[in-house]
Amino acid sequence: MSDASIVCSNLSFARPDDTPVFQDLSFTVAPGRTGLVAPNGSGKSTLLKLIAGELKPTAGSVSVDGTLGYLPQSLPLTSSLTVSEVLGVAPVIRAIDAVESGDVSEEHFTTIGDDWDIEERTRAQLDRLGLAGLALDRSLSTLSGGQVVSLGLAAQLLKRPDVLLLDEPTNNLDLAARHKLYDVLSDFTGCLLLVSHDRALLDRMERVAELGGGELRLYGGNFTEYEEAVRAEQEVAEKNVRNAAQELKREKREMQQARERAERRASNASKNLKNAGLPKIFAGNMKRGAQEAAGKSGTMHASRVSEAKARLDEAGRAVRDEQRLTLELPDTQVPAGRNLFIGEGLQTLHDGRPVFADGGVDLTVRGPERIALTGPNGAGKTTLLRLITGDLAPDGGEIKRGDGRIAYLSQRLDLLDPELTVAENFAAFAPERPEAERMNLLARFLFRGARAHLPVGALSGGERLRATLACVLCAEPAPHLLLLDEPTNNLDLVSAGQLESALNSYQGAFMVVSHDERFLTEIGVNRRLRVADGTLQESGGPEV
């Protein structure tokens, strides 16, 4: 393993409006594979940009020991580039071609350096990432989104980096491409720091770095081990809160009892002094002494109560706000076996060519099935969802839909009006529900108080997903068939967990397009369909 590393010292960064993203952040990332996790908006991508030198910190320093490779979440590539230009090998290949043609100019040898085997290494790297046979002179505009991501990673690996930064590298990749990437990263021996919500990828990490609360905490082990460690921490934190609350209650009770005893003693002493007929000056001194003793006792108990409050506050800060969804959706219930959709011989054309094989595809969906729709990118999964909803009319075949409503959540989450607030959008979907009931339901989707009155356009990706789910699942009438297209793309791990909670509460049928096997397992998929080579086939179990 290499000695490459990343060291950040007292790192601070603020947005253009002076909103701080981090302050005095210090940490070291050692050689090995490290996954960086945090809720969306916490600054994960910003941190990678600071390490890569694309942003300048407002204070502190970043040190990278070794050659750096960086793959951002959005690749700044123009469609006119060729594969070799994206890979950064075009000048070397041209120089080698020139030398082999007899041009022995010194500039060609300078350009080539030690990279005489560049074409072989390039082909080998492309093959490892599932891009075998991709012509080096092919235009970027002809590639799929997943191919572009794999190509971007190949470009970074060809630099032979010691330190590799990856931001959501599995976005837009189908399952086959993901497994290629997993294998490549498992072989990487330098210092890898990646941001991802792909739990299968995070389970291949050697440690997990959690960004939050103004610090970066490192946990040894993969993501599953990180979750177990966090759960154990939570159990201890919650126990500490219970103990601190009991201690505070006990101190308050003892303070009250001490106050009552002091009042009784003072009252008894006053009566006894009066009955004893002592001189006034002596009686006054005794009364003042009793008051001072009571005051000291009160101060001591007040200090204990204050200390107990401080311990409760400190214990409370260690408890994470997990913000879980707790839902009941009885209106979505569908009788078992009811036909919700029947399609026979479905066919549609794209640029004049049939999407599916001769004879089309057949599909029947019954309630309350939980269906995973898988297959390589470009096979026709989204097309099939649009045929089911009626958003796309078939060019061949017959369709029968049941009486229940069909709801469709696209990858773009564009179902809601961005100009309206969450509450206003919800009212449009469920106008017959009383306002108090609507607000209570929105609170169950974690839109409480002022959050319910934010414009949808101002929400984060996870918040927009929750708002869309609230409007769809609580609509009138409730959907009996729910279609979701890559719903976990660009969701942080907390939001993905909230989506799982919502789908586990849903009692109708759903069909979900996803390459995230962990997600499919968590939502209880009981039927699997695969689109490939123009056909739709039942598949027995998870793709591997």
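Only this structure's heavy atoms are used, side chains among them; waters, hydrogens and symmetry mates stay out. Predicted model, so just to flag it, every value in this text is computed and none were measured.
Remark: side-chain polar atoms of Ser150 are not paired, donor with acceptor, to backbone N or O of Gln147 under 3.5 angstrom. A donor-acceptor distance shorter than 3.5 angstrom exists from the side chain of Arg204 to the backbone of Ala200, with no hydrogens or angles considered. Here the side chain of Asn377 pairs a donor or acceptor atom with the backbone of Asn172 at under 3.5 angstrom. Tyr408 contributes no side-chain N or O that, together with a main-chain N or O of Ile388, makes up a donor-acceptor pair within less than 3.5 Å. Between the side chain of Glu206 and the main chain of Arg33, a donor-acceptor pair closer than 3.5 Å is present. In this structure, the side chain of Lys381 does not engage the main chain of Val531 through any donor-acceptor pair within 3.5 Å. At distances below 3.5 Å, not a single donor-acceptor pair connects side-chain atoms of Glu344 with backbone N or O atoms of Asp362. Within the 3.5 Å criterion, the main-chain N or O of Asp65 finds no donor-acceptor partner in the side chain of Ser5.
Looking only at atom types and distance, the side chain of Arg207 has a donor-acceptor partner in the side chain of Thr34 under 3.5 Å away. No donor-acceptor contact under 3.5 angstrom links the side chains of Asp103 and Ser101, judged on distance only. Between the side chains of Asp203 and Tyr182, no donor N or O sits under 3.5 Å from an acceptor N or O.
No option in Glu522, Glu500, Glu227 other than Glu500 meets the salt bridge (Lys or Arg N to Asp or Glu O under 4.0 Å) test with Arg199. Under the side-chain contact (heavy atoms from CB on, under 4.5 Å) test applied with Arg527, the options Arg370, Met511, Glu369 reduce to a single match, Glu369.
Heavy-atom neighbours of Asp358 CG from other residues, nucleotides or ligands within 6.0 Å: at or below the threshold of 12. In Glu106, the CD atom is not crowded: 12 or fewer heavy atoms of neighbouring residues, nucleotides or ligands sit closer than 6.0 Å.
Arg121 pairs by the side-chain hydrogen bond (donor to acceptor under 3.5 Å, both in side chains) definition with Asp115, Asp117, not counting sequence neighbours.
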side-chain contact (heavy atoms from CB on, under 4.5 Å) between Leu446 and Glu463, worked out = CA-CA 9 Å; Leu446 307 180; Glu463 289 173 326; over 6 Å; no
Could you go step by step and tell me if Leu473 and Leu482 meet the side-chain contact (heavy atoms from CB on, under 4.5 Å) rule?
CA-CA 9 Å; Leu473 297 179; Leu482 184 61; 3.9 Å; yes
Steps toward side-chain contact (heavy atoms from CB on, under 4.5 Å) verdict (Leu363, Leu387): CA-CA 11 Å; Leu363 172 64; Leu387 287 169; over 6 Å; no
**Prompt:** So Met205 and Leu194, side-chain contact (heavy atoms from CB on, under 4.5 Å) or not? Walk me through it.
**Reply:** CA-CA 9 Å; Met205 297 297 104; Leu194 68 83; 3.6 Å; yes
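One finds a salt bridge joining Glu233 and Arg217 here, because a Lys/Arg side-chain nitrogen approaches an Asp/Glu carboxylate oxygen to under 4.0 Å. Electrostatic pairing of Arg123 and Glu119 does not count as a salt bridge here, judged by no charged N lying under 4.0 Å from a carboxylate O. Under 4.0 Å is where a charged nitrogen must lie from a carboxylate oxygen, and between Asp492 and Lys44 no such pair does.
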For a quick test of your reading: what N or O donor-acceptor pairs under 3.5 Å do the side chains of residues 19-28 make, sequence neighbours left out?
{"from": "Thr19", "atom 1": "OG1", "to": "Asp17", "atom 2": "OD1", "distance (Å)": "2.8"}
{"from": "Thr19", "atom 1": "OG1", "to": "Asp17", "atom 2": "OD2", "distance (Å)": "3.2"}
{"from": "Ser26", "atom 1": "OG", "to": "Asn10", "atom 2": "N", "distance (Å)": "2.7"}

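Atom OG1 of Thr383 and atom CG of Leu349 lie 11.0 Å apart (nearest 0.5 Å).
Leu166 approaches Pro169 most closely through the heavy-atom pair CB-CG, 4.0 Å. Annotation for Pro376 and Arg530: closest pair CD-NH2, 3.8 Å, computed over non-hydrogen atoms. Residues Ala209 and Leu216 approach most closely at CB-CD2, 3.6 Å, considering heavy atoms.
Contact check for Val89 versus Ser84: side-chain heavy atoms found under the 4.5 Å cut-off.
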